[in-house]
Amino acid sequence: MGDATRKPDISCWFPKHQFDWRHLATFAEVKNRGSKANEKLSYIEVAGKASCLLYAQDGRHAAPCIRILGSEIFLTIFDRGGSLTTCGYDIHRSPQSFLRILIGISSASNVFGFDKSIHWQQERRDGQVVDIKELKFKKDGITYTIELTKLLFISDNLNG
């Protein structure tokens, strides 16, 4: 996964893939204690990781992640324009909310946050397995397929 400072504390991966940013479904950051300082620090850490994730997965609209600070959980969703985050849900005061966020994100569909109009598949080309992205659409009863082979531009920064 490259730089050690960019490794998440907890990771959820797409099945049957390598362990790198291109195949990371979602992640979590964990701190032993909840405080305003740790809340800010964890946000900065997940923003950096979400930026890496969005850069590596160009078909993605959003990168949902969780932050666990002591006994509280925060859901934070990043997109290419910024982020939204929830208040903290304490496992002792709101156990159902805590578990809904934890289980919902860690067991979400593989397409959560992705552009569903782009179909992903793997093919073997020149002896190597490559990820192919296709956009299919119908016009006048005919299905057209555009193979997305080259990324024209993507920003590696979150804007807001």
Side-chain angles (χ1 to χ4, degrees), residues 1-123 129-136 148 151 154-160:
M1 281 191 41
D3 191 338
T5 61
R6 294 285 187 208
K7 289 185 180 177
D9 293 335
I10 300 173
S11 307
C12 294
W13 301 91
F14 296 129
K16 302 177 186 174
H17 284 285
Q18 299 169 334
F19 294 116
D20 65 29
W21 288 105
R22 294 171 298 162
H23 306 112
L24 182 65
T26 188
F27 62 92
E29 285 299 311
V30 180
K31 303 271 184 228
N32 289 337
R33 293 185 192 86
S35 68
K36 286 294 179 192
N38 273 350
E39 192 175 331
K40 183 177 179 180
L41 179 63
S42 71
Y43 178 84
I44 292 168
E45 288 176 4
V46 295
K49 291 173 178 86
S51 178
C52 287
L53 182 61
L54 290 170
Y55 180 75
Q57 297 179 15
D58 55 322
R60 227 178 160 142
H61 286 303
C65 59
I66 53 179
R67 299 179 291 139
I68 300 174
L69 308 176
S71 61
E72 288 187 314
I73 192 168
F74 297 79
L75 169 63
T76 305
I77 300 173
F78 292 90
D79 65 14
R80 298 187 190 281
S83 68
L84 293 172
T85 192
T86 65
C87 61
Y89 292 95
D90 192 291
I91 193 168
H92 304 295
R93 290 190 295 266
S94 305
Q96 288 183 336
S97 297
F98 186 101
L99 290 174
R100 281 187 181 126
I101 291 172
L102 183 62
I103 293 169
I105 293 297
S106 62
S107 63
S109 164
N110 286 351
V111 296
F112 187 57
F114 282 88
D115 184 344
K116 293 181 183 179
S117 65
I118 298 174
H119 303 279
W120 294 54
Q121 62 185 21
Q122 285 191 334
E123 283 186 11
V129 176
V130 293
D131 289 323
I132 304 296
K133 299 172 199 136
E134 294 178 336
L135 176 63
K136 294 184 179 191
L148 307 170
L151 182 65
I154 190 167
S155 173
D156 60 350
N157 296 314
L158 296 172
N159 304 303

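This is a predicted model, so every value here is computed, not measured.
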What's the spacing between [X] [atom1] and [Y] [atom2] if we round to 0.5 Å?
X	Y	atom1	atom2	value
Ser97	Leu102	OG	CG	12.5 Å
Phe98	Ile66	CZ	CD1	7.5 Å
Ile77	Thr86	CD1	OG1	8.5 Å
Glu29	Ile44	CD	CD1	12.5 Å
Asp90	Ser71	CG	OG	3.5 Å
Ser42	Ile68	OG	CD1	10.5 Å

Requested in this report: Quick one: do Lys31 and Glu72 satisfy side-chain contact (heavy atoms from CB on, under 4.5 Å)? Show the steps, please.
Outcome: CA-CA 10 Å; Lys31 303 271 184 228; Glu72 288 187 314; over 6 Å; no

Query raised in the report: Just wondering, more than 12 heavy atoms not from Leu84 lying within 6.0 Å of its CG?
Result: no

Report task. State, to 0.1 Å, how close Leu54 and Ala62 come at their nearest heavy-atom pair, and which atoms those are. Result -> CD2-C, 4.1 Å

Query - Qualifying residue for side chain to side chain contact (heavy atoms under 4.5 Å, CB included) with Arg67, from Ile73, Leu75, Thr85 - result: Thr85

Report task. Apply side-chain contact (heavy atoms from CB on, under 4.5 Å) to Tyr89 and Arg100, showing your working. Result -> CA-CA 10 Å; Tyr89 292 95; Arg100 281 187 181 126; over 6 Å; no

Report summary line: Only one of Phe27, Tyr43, Tyr55 passes ring pair (Phe, Tyr, Trp, His ring centres under 6.0 Å) with Phe78, and that residue is Tyr43

Query raised in the report: Are any side-chain N or O atoms of Thr26 and backbone N or O atoms of Pro64, one a donor and one an acceptor, separated by less than 3.5 Å?
Result: yes

